[in-house]
Amino acid sequence: MEIASLIQSAWDARENAYAPYSKFAVGAALLTGDGRVFTGCNVENLSYGLTICAERVAIGSAVAAGMKNLTMLAVVADTDVPVSPCGACRQVMAEFGIERVFLANRMQTIEFELSDLLPRAAAGILNRAE
Ligand code: THU
């Protein structure tokens, strides 16, 4: 799977964003260890705090299909600087060991290791060491 293709899947998913409150559409695409792609878009709610980010929709979709070996995630939005996942999404990515994260806008893609986006994600929680 080429990174460019994963990013295109994220753009396609962004078309389905439900963002009537922020008007900020986000798309995500997630690659599994066996080469399948699951996508997500943000899903907002009148009760703003119930909003689910595109990243967590994609991860939930993969897990619901029985996939837990998740390798890389692409996130896209039409911003000046590539969009960056919120802290909650970073923690959920850590849960499933998604190591490579691609952040893209229309002009550029930048790659991060999750350990740089969220250092020490599991340290101290439920006695987990790192
Ligand atoms: N959002 C995402 O879906 N992913 C991100 O990485 C950044 C933020 C959504 C949440 C909300 O619907 C809108 O973007 C504005 O924050």
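These numbers were taken from a predicted model, which means no experiment stands behind them. Throughout, residue positions are numbered sequentially from 1 according to the sequence presented.
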**Request:** Any pair with a residue in residues 56-79 that passes ring-ring contact (aromatic ring centres under 6.0 Å, His included), sequence neighbours left out, goes on the list, sorted by first then second residue, please.
**Result:** none
**Qualifying ring-ring contact (aromatic ring centres under 6.0 Å, His included) pairs, either residue in residues 6-34, two or more places apart** = Tyr21-Tyr48
If Ile, Leu, Val, Met, Phe, Trp and Tyr residues are connected whenever their side-chain heavy atoms lie under 4.5 Å apart, and connections chain through other members, are [X] and [Y] in the same group?
X      : Y      : value
Leu30  : Leu103 : yes
Phe102 : Phe38  : no
Val101 : Ile7   : no
Val37  : Val92  : no
Phe112 : Phe96  : yes

Listed by chain and number, what are the side chain to side chain donor-acceptor pair (under 3.5 Å) partners of [X], not counting sequence neighbours?
X      : answer
Glu111 : Arg100
Gln8   : Asp12
Thr32  : Asp34
Arg90  : Ser84

**Message:** Test question: given the 4.5 Å side-chain rule for I, L, V, M, F, W and Y, name all other residues clustered with Leu126, or answer none.
**Reply:** Ile125
**Complete:** Besides Val81, the hydrophobic cluster formed by Ile, Leu, Val, Met, Phe, Trp and Tyr side chains linked at under 4.5 Å, directly or via other members, contains none
**Item:** Pairs touching residues 72-89 that satisfy salt bridge (Lys or Arg N to Asp or Glu O under 4.0 Å), sequence neighbours left out
**Value:** Asp78-Arg106
Going by atom type alone, with no hydrogens or angles, which donor-acceptor pairs under 3.5 Å involve a side-chain atom of residues 55-77 and a protein atom two or more places apart or on another chain?
from, atom 1, to, atom 2, distance (Å)
Thr71, OG1, Leu31, O, 3.0

**Asked** If you look at every heavy atom in Ala121 and Gln91, which pair is closest and at what distance?
**Response** O-NE2, 3.1 Å
**Asked** So do Cys53 and Cys86 actually touch side chain to side chain, heavy atoms under 4.5 Å?
**Response** yes
**Request:** For Gln108, check side chain to side chain contact (heavy atoms under 4.5 Å, CB included) against everything at least two apart and list the hits.
**Result:** Pro82, Asn105, Ile110
**Asked** Does Thr51 have any side chain to side chain contact (heavy atoms under 4.5 Å, CB included) partners at least two apart in sequence or in another chain, and if so, which?
**Response** Glu44
**Prompt:** Nearest 0.5 Å, what's the SG-CG distance between Cys89 and Leu114?
**Reply:** 11.0 Å
**Side-chain donor/acceptor of Asn42 to backbone N/O of Ala17, under 3.5 Å** = no
